[in-house]
Amino acid sequence: MAYSISTQNFVALSDLHPNLARPSIIGVVIGKTDVKGFPDRKNIGSERYTFSFTIRDSPAYFINVNSWGREEYVRSLSESFRVGDCVTIENPLVQTKELEKEEKFNPTTPSCYKLLLSETHSVVKICCRYEMDTKLLSLLHLPVKDPQDYYSLGDIVANGQSLDGRIINVLAAVKSVGEPKYFTTSDKRKGQRCEVKLYDETELSFAMICWDNESIQLAQSWMPRETVIFASELRINFDKFRNCMTATVISKTIFTTNPDTPEANILFNFIKEIAATGALDDITEDQLKESINLQTIVDIYTVEQLKVKALQNEGKPEPVYGIIYAYISTLNIDTDTSKIIRNRCSGCHYVVNEMSNTCTFCNDNSSDAKSVFTSFDLLVDLTDHTGTLRSCNLSDVVAEETLSCTVHEFLTLTEEQKTALKWHLLLERSKIYFKLVLSPSLRTRLRVNLLSCKLADPVEASQSLSEKGRK
């Protein structure tokens, strides 16, 4: 669709009004929704289809555009462009928007109008990148809200359920982008879901859920641990299953990828520094404050099956959660305590510098010196009748629950008592909840974090393993 745009006279979005005759406008697409169908009240038994998008032509002005019509027309139009494209629109209908009705499901805009597209009279065309004004391209990196009007992830966690259901702005870095999951609802509607993990200076892991194809496609373009996003009008919810706060992308949400603002630049520097420390690779489940509801983990594996599952998941960032009935076959707790007990920062939970006993990361990024606390940091081997998982992480609270003692209580034990505790655990089958992620930097290529490790009920273990063997 290459054509010259220099000869066209475009109306600025700020100058639009309903009395304009055949206006033409140009702008970058900054938001877009999925196509949806609704029963046509004029033609019983048939459906009308619609989708909307938001375009911007200046730092101060952007407007919502709605398209209604036949399924073929609406889907074809929707598939012709994406967020980030520059488009021209010829002869849209300019309508005064009903504020409360319009902004309930659409992004809040500074314009008092909205645009309607007609299959018969309106034309939408995509501009080639080399034809675009660089001023338009720069708008893709400018948030639609005040760059200082946002919550940090730590603020969201600190406010907790008081924010449940609220719509807010968030500035954060992308930690990981999960694989899209597709499903069919009970009423035969197809759906999709993708989970993005965010982080910032205040919180090292926070879940954001995408439910629509447009936001999922956009999220797939983000580079984990490199991309910063400003998300306007995200909905915050309390997740009862995880027992924590999460964010949800809704039809009002607009993402600004890698925003060009002072606040975003500070966050860019932060993610470079934390990447250099390796802190994100070293954090365990407890340290990430991911309160996983163990009752939601039901898949049972043998060691052999888990290794096969890991190979199947190669290249996918999403973790594998499950249960394994196994023996702890290596547990070196009757060794030098400096190898199994570490000091961690109370702020970021990263292992602190042993020489200075201070967190170089937090002290570099905050004027307040953080306190430290002692924590178990064990590597254990897990063995069942099919094989062994080596160097699994058993740390912090989970380790204390497994050993039935705190770090301070453990330090008072004699060598004989430590050895007795070790053999008590080595000789018993345990029911172990785990999280597994592929980690090419490790010798085993697998990072297994234990979420719970308790002595197994013999009958339960036997039944579960026999059922697993029959499958």
Any donor-acceptor N or O pair under 3.5 Å, side chains [X], [Y]:
X      : Y      : answer
Asn393 : Ser395 : no
Asn449 : Arg447 : no
Asn237 : Thr248 : yes
Glu47  : Tyr49  : yes
Ser111 : Lys97  : no
Tyr325 : Glu460 : yes

> Under the side-chain contact (heavy atoms from CB on, under 4.5 Å) criterion, do Leu234 and Asn169 qualify, and how do the steps go?
Replying inline: CA-CA 6 Å; Leu234 270 180; Asn169 308 322; over 6 Å; no
So, taking the atom named [atom1] in [X] and the one named [atom2] in [Y], what distance separates them when rounded to the nearest 0.5 Å?
X      : Y      : atom1 : atom2 : value
Lys36  : Ser78  : NZ    : OG    : 12.0 Å
Ser14  : Asp57  : OG    : CG    : 6.5 Å
Gln312 : Gln305 : CD    : CD    : 10.5 Å
Thr109 : Phe62  : OG1   : CZ    : 6.5 Å
Asn213 : Lys32  : CG    : NZ    : 9.5 Å

> How would you list all residue pairs meeting salt bridge (Lys or Arg N to Asp or Glu O under 4.0 Å) that involve residues 248-258, not counting sequence neighbours?
Replying inline: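 Salt bridge (Lys or Arg N to Asp or Glu O under 4.0 Å) check on residues 248-258 returns Glu233-Lys252.
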> When the ring centroid of Phe81 is compared with that of Phe53, is the distance short of 6.0 Å?
Replying inline: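 Yes, the ring centres sit under 6.0 Å apart.
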> Aromatic ring centroids of Phe270 and Phe268 under 6.0 Å?
Replying inline: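 No, the ring of Phe270 stays outside the 6.0 Å limit from the ring of Phe268, centre to centre.
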Please find the pair of heavy atoms, one from [X] and one from [Y], that lie closest to each other, and give the distance.
X      : Y      : answer
Pro180 : Ile216 : CG-CG2, 3.7 Å
Asp34  : Gln192 : OD2-NE2, 4.0 Å
Gly84  : Leu140 : O-CD1, 3.7 Å
Cys453 : Thr402 : O-OG1, 3.2 Å
Ile432 : Ala326 : CD1-O, 4.2 Å

> Would you call the rings of Phe38 and Trp68 parallel, tilted or perpendicular, where under 30° means parallel and over 60° means perpendicular?
Replying inline: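 Tilted, since the angle between the ring planes falls between 30° and 60°.
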> Among Leu116, Val29, Leu115, Val124, which one satisfies side chain to side chain contact (heavy atoms under 4.5 Å, CB included) with Val65?
Replying inline: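 So the option named by the test is Leu115.
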> Which residue, Ile324, Ile323, Leu451, forms the side chain to side chain contact (heavy atoms under 4.5 Å, CB included) with Phe434?
Replying inline: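 In the set Ile324, Ile323, Leu451, the residue that makes a side chain to side chain contact (heavy atoms under 4.5 Å, CB included) with Phe434 is Ile324.
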Hey, does [Y] have a side-chain heavy atom less than 4.5 Å from the side chain of [X]?
X      : Y      : value
Thr54  : Ile63  : no
Gln220 : Val177 : yes
Asn64  : Ser52  : no
Tyr433 : Leu450 : no
Tyr151 : Leu163 : yes
Pro259 : Val228 : yes
Ile55  : Ile30  : no
Val170 : Leu153 : yes

>> So that I can tick it off, tell me whether Lys181 and Glu195 are bridged by a salt bridge, with the cut-off set at under 4.0 angstrom between side-chain N and carboxylate O.
In response: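 Salt bridge absent between Glu195 and Lys181.
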> Please walk me through it: do Tyr73 and Ser67 pass side-chain contact (heavy atoms from CB on, under 4.5 Å)?
Replying inline: CA-CA 9 Å; Tyr73 162 70; Ser67 174; 3.5 Å; yes
>> For Ile156 and Ile236: C-alpha separation, side-chain torsions, deciding distance, then whether side-chain contact (heavy atoms from CB on, under 4.5 Å) applies.
In response: CA-CA 8 Å; Ile156 298 172; Ile236 302 301; 3.8 Å; yes
>> Set out, in order, the CA-CA distance, both residues' side-chain angles and the distance that settles side-chain contact (heavy atoms from CB on, under 4.5 Å) for Leu142 and Thr256, then state yes or no.
In response: CA-CA 7 Å; Leu142 185 64; Thr256 303; 5.7 Å; no
> Mind checking what makes salt bridge (Lys or Arg N to Asp or Glu O under 4.0 Å) contact with Glu71, not counting sequence neighbours?
Replying inline: Arg75
> For Lys114 and Glu102, what are the C-alpha separation, side-chain angles and deciding distance, and is it a salt bridge (Lys or Arg N to Asp or Glu O under 4.0 Å)?
Replying inline: CA-CA 9 Å; Lys114 64 179 179 180; Glu102 169 73 14; 3.7 Å; yes
